[in-house]
Amino acid sequence: DTEVTQTPKHLVMGMTNKKSLKCEQHMGHRAMYWYKQKAKKPPELMFVYSYEKLSINESVPSRFSPECPNSSLLNLHLHALQPEDSALYLCASSQGGASTEAFFGQGTRLTVV
Amino acid sequence: GDSVTQMEGPVTLSEEAFLTINCTYTATGYPSLFWYVQYPGEGLQLLLKATKADDKGSNKGFEATYRKETTSFHLEKGSVQVSDSAVYFCALRGYTKLVFGAGTILRVKS
């Protein structure tokens, strides 16, 4: 099983709402990632968790709050977002190490209204 | 820092044409190299990879060879199909993260 599952697939939220994106993998990978992708652009790294600890935060605004409850799950909590935060949010996982590839989920298409 | 440069698109081809998408990289050391594909409305899928110089990655008729001397990892396919229409991203594994190129849109006409 090389699957990373993200829910929901689509999300529309107002600027005062609080919502969460969820990601799950059962490949035993020890590194998990959140990326943001705008239309016609490559994914931009937001956060990296390694062995359930936050190892990289790419200077992401605090209205995005990641959480890694266990080695299979990754959440992204959203609060007080702006319309410019509308994008495709991708979760990925990898075994770790310099040669390993990342496996991506299908993404959550987020629209902030 | 590490970087990846891809040829700009869109690339428009007729079915059964030969495909080349150029990719060059700048990195310290000898990174692993990847091609990812993104179909409309979907996430990224790993297409192929190479982990050391002269390695050839291949999958679904696509190939790319890790060329250290030219710091390149060009993607090729001998005969494209309409179903290959997608965005293709070249990437390298840096010390802590994947570094992506800008992506190349491929459109295949029947």
Side-chain angles (χ1 to χ4, degrees), chain A residues 2-10 21 23-25 27 29-51 53-60 87-111, chain B residues 1-11 21 23 25 27-53 55 57-59 64 66 73 86-107:
Chain A
T2 57
E3 198 169 280
V4 176
T5 303
Q6 289 188 243
T7 55
K9 285 189 171 29
H10 301 275
L21 310 185
C23 174
E24 189 168 8
Q25 58 89 11
M27 295 177 276
H29 289 170
R30 308 310 293 187
M32 296 186 76
Y33 313 80
W34 280 115
Y35 287 85
K36 173 182 177 180
Q37 187 181 27
K38 298 287 256 184
K40 302 189 191 305
K41 297 289 188 184
E44 298 173 28
L45 183 65
M46 300 174 72
F47 303 104
V48 180
Y49 273 83
S50 179
Y51 291 90
K53 289 187 170 21
L54 183 65
S55 60
I56 295 178
N57 176 341
E58 293 282 302
S59 302
V60 178
L88 182 67
Y89 287 84
L90 294 163
C91 174
S93 70
S94 69
Q95 185 62 40
S99 66
T100 57
E101 63 270 38
F103 293 88
F104 284 81
Q106 293 292 293
T108 294
R109 175 72 60 187
L110 174 67
T111 303
Chain B
D2 297 342
S3 66
V4 175
T5 302
Q6 286 180 239
M7 64 187 287
E8 289 193 25
V11 173
I21 300 178
C23 170
Y25 67 89
T28 52
Y30 304 103
S32 292
L33 301 173
F34 308 92
W35 276 100
Y36 284 87
V37 59
Q38 186 172 32
Y39 298 101
E42 298 188 8
L44 275 69
Q45 298 177 26
L46 178 68
L47 184 57
L48 52 85
K49 72 173 187 178
T51 58
K52 61 183 186 296
D55 265 3
S58 61
N59 186 26
Y66 191 143
F73 193 54
V87 183
Y88 292 80
F89 292 99
C90 185
L92 65 83
R93 166 67 71 178
Y95 181 67
T96 58
K97 61 184 182 182
L98 277 174
V99 177
F100 287 95
T104 302
I105 297 172
L106 171 65
R107 297 181 180 138

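For clarity, every value in this text was computed on a predicted model and none was experimentally measured.
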Q. What part of Q6(A) gets closer than 4.5 Å to chain B, counting heavy atoms only: side chain, backbone, both or neither?
A.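 Neither; nothing under 4.5 Å.
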Spacing of [atom1] belonging to [X] relative to [atom2] belonging to [Y], to within rounding of 0.5 Å:
X	Y	atom1	atom2	answer
Y35(A)	L44(B)	OH	CG	9.0 Å
E101(A)	L47(B)	CD	CG	12.0 Å
E42(B)	L88(A)	CD	CG	10.5 Å
F89(B)	Q37(A)	CZ	CD	5.0 Å

Q. With a 4.5 angstrom heavy-atom cut-off, which part of Y36(B) approaches chain A: side chain, backbone, both or neither?
A.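 The side chain, not the backbone.
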(Q) For Q38(B), which atoms come within 4.5 Å of any heavy atom of chain A: side chain, backbone, both, or neither? (A)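 The side chain, not the backbone.
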For residues [X] and [Y], report the shortest heavy-atom separation together with the two atoms involved.
X	Y	value
G101(B)	P42(A)	O-CB, 3.3 Å
L98(B)	A102(A)	CD1-CB, 3.8 Å
F34(B)	T100(A)	CZ-O, 3.8 Å

Q. Are side-chain heavy atoms of Y33(A) and K97(B) found at a separation under 4.5 Å?
A.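 A side-chain contact is absent here, since even the closest heavy-atom pair is not under 4.5 Å.
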Q.
Tell me whether Y39(B) at atom OH has more than 12 heavy atoms from other residues, nucleotides or ligands lying less than 6.0 Å away.
A.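 Yes.
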Q: Please check if atom NZ in K9(A) has more than 12 non-hydrogen atoms from other residues, nucleotides or ligands closer than 6.0 Å.
A: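 Check fails, neighbour count at 12 or below.
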